[in-house]
Protein chains: 2
Amino acid sequence: MAVVREERADAARNRKAILEAADELFATSDSPGEVSMDDIARAAGVGKGTLFRRFGDRANLIRQVYAVRLAPLREQIQSGPPPLGPDTPPRTRVAAIIDAIAVVKLDNAHLMLALEEGGGPTSGIYGSADYVGVHGLLRDLVATELGVGRAGWVAHVLLATVRADLLRHVTEGEGMSHSALRSSLRDFVDDTLDH
Amino acid sequence: MAVVREERADAARNRKAILEAADELFATSDSPGEVSMDDIARAAGVGKGTLFRRFGDRANLIRQVYAVRLAPLREQIQSGPPPLGPDTPPRTRVAAIIDAIAVVKLDNAHLMLALEEGGGPTSGIYGSADYVGVHGLLRDLVATELGVGRAGWVAHVLLATVRADLLRHVTEGEGMSHSALRSSLRDFVDDTLDH
DNA sequence: TGCCAAGCGGACCAGCAGTCCGTATCATGC
DNA sequence: GCATGATACGGACTGCTGGTCCGCTTGGCA
């Protein structure tokens with residue numbers, strides 16, 4: 001077993017600076033597509049080489065920023081208290097998870113757009129570990145209500161319902177309030193699980 | 001009233017060649033993102049300037065190709081016989097429309113991906129006339145079943161359900177057959193309209 | 001303090017969408 | 001059939017992108 005090399009201090013500092021700069025830029029830019037890697041490097045006070053050395057490519061950088069923002073939610077779902085944590089009746093938990101995802105995406109709209117737009121060339125969001133993970137969990141939860149046959153598909157539909165661009169269109173384009181949206185979403189989840 | 005200038009013969013010929021070449025390239029390429037405008041110009045036997053003169057930019061070219069492929073469906077919905085045409089009970093019609101959209105997207109998977117990926121920088125699919133149109137129609141149809149309050153949101157959800165990347169993931173990634181997918185979709189639409 | 005793996009940065013590259021303009025072609029009036 | 005001006009053509013060109021490369025610097029260990 002090889003000893004895992006400790007990350008050098010300057011490397012760690014730069015990683016942090018890059019993640020923060022990227023988060024800031026994605027959060028403030030109107031369209032995430034127009035944030036370039038050079039912009040991020042400059043904002044982080046770092047050379048472009050460093051940026052690519054740390055993160056490999058743009059898609060991965062975006063995923064990492066996203067992972068930071070998503071960590072608390074993942075934590076809550078994996079081992080937090082009800083209604084998100086494991087100690088919750090399936091139906092309630094599904095509703096809570098969908099609601100929580102919606103909230104995170106509404107709060108981090110720009111970043112989530114960046115992820116869903118440029119997250120991967122061929123793969124898209126559906127290939128990401130995050131999607132697969134949450135889909136699997138929802139599938140299992142839904143299966144206890146509707147049976148395994150329909151669960152996989154229903155879980156996809158539930159997640160399609162909280163896609164960042166849809167949420168943005170409904171709130172910014174149609175002017176629906178966040179609370180009205182969340183309530184529609186809740187009704188929809190309820191109805192969907194009623195069969 | 002100014003007489004509308006007739007399109008010159010060579011211009012018309014080139015437009016057709018470009019649309020056909022683009023359709024072909026998007027249909028055969030694995031990832032639509034890797035089809036460049038130069039590729040299309042070359043395949044159409046036309047200079048790049050011509051291509052941009054006709055279509056303005058990439059997003060618009062994709063929309064035009066898409067419009068050609070979608071024309072028959074739009075026609076059917078606007079004035080065809082049941083179950084797609086206007087002379088159909090709302091519930092049946094909604095199901096038929098969603099199913100027909102799914103079929104078109106499954107049959108033209110690559111092109112639809114191109115549209116949804118690169119259809120517009122900020123706007124995305126939700127800004128497109130096609131989306132707005134079909135959403136409006138579905139909203140009205142759904143309203144007769146569920147009331148106007150929920151109709152707008154439900155129409156969005158129904159359409160989110162037939163997004164090209166989701167359909168692709170479920171069929172190619174998870175290996176679901178087209179018929180199984182369509183049947184899941186039909187069940188889902190039924191259930192959704194049952195409230 | 002000396003050493004060297006690890007890390008750094010920015011010049012560099014290939015490829016992209018989109019522009020520009022000198023040249024060629026079409027349609028029309030005669 | 002021909003002259004003529006509007007229309008369209010094409011490909012060199014621009015500016016910018018994501019990503020690579022490599023000579024130089026730095027951090028951490030002995």
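Proteins come first, then strands; the chains are lettered A, B, ... in the order of their sequence lines, and each starts at number 1.
At a threshold of 4.5 Å between non-hydrogen side-chain atoms, the residues A:Val142 and A:Leu158 count as touching. Within the 4.5 Å cutoff, the side chain of B:Val68 has no heavy atoms near those of the B:Gln64 side chain. Contact check for A:Phe55 versus A:Ile62: no side-chain heavy atoms found under the 4.5 Å cut-off.
Mapped onto DNA chain C by nearest heavy atom, B:Arg53 and A:Arg8 fall at different nucleotides, with A:Arg8 at the one closer to the 5' end. Comparing A:Ala9 and B:Gly47 by the nucleotide of DNA chain D that holds the closest heavy atom to each, the one mapping nearer the 5' end is B:Gly47.
Around atom CZ of A:Arg186, no more than 12 heavy atoms belonging to other residues, nucleotides or ligands sit under 6.0 Å away.
Summarising the geometry, the separation between CD1 on B:Ile40 and P on C:dA17 is reported as 8 Å, rounded to the nearest angstrom. Remark: C1' of C:dG7 and CD1 of A:Ile18 are 11 Å apart, rounded to the nearest angstrom. At whole-Å resolution of the value, CZ in A:Arg54 and C1' in C:dC8 are 10 Å apart. Rounded to whole Å, the distance from CZ on B:Arg42 to C1' on C:dG15 is 11 Å. Atom pair B:Arg13:CZ and C:dA27:C1' shows a separation of 13 Å (rounding to whole Å applied). Rounding to whole angstrom units, CG of residue A:Leu51 and P of D:dC21 are separated by 17 Å.
Side-chain N/O atoms of B:Asn14 include none lying less than 4.0 angstrom from OP1 or OP2 on D:dA8. One finds no side-chain N or O of B:Thr50 lying less than 4.0 angstrom from the OP1 or OP2 phosphate oxygen of D:dA8.
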Next item on the list: Could you encode protein contacts along nucleotides 14-19 of chain D as a string, one character per nucleotide from 5' to 3', using B for base contact, S for sugar-phosphate-only contact and - for no contact, with a heavy-atom cut-off of under 4.0 Å?
Entry: ---SBB

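One finds no salt bridge joining B:Arg63 and B:Asp130 here, because no Lys/Arg side-chain nitrogen approaches an Asp/Glu carboxylate oxygen to under 4.0 Å.
Formation of a donor-acceptor pair under 3.5 Å by the B:Asp39 side chain with backbone atoms of B:Val35 is not found in this model.
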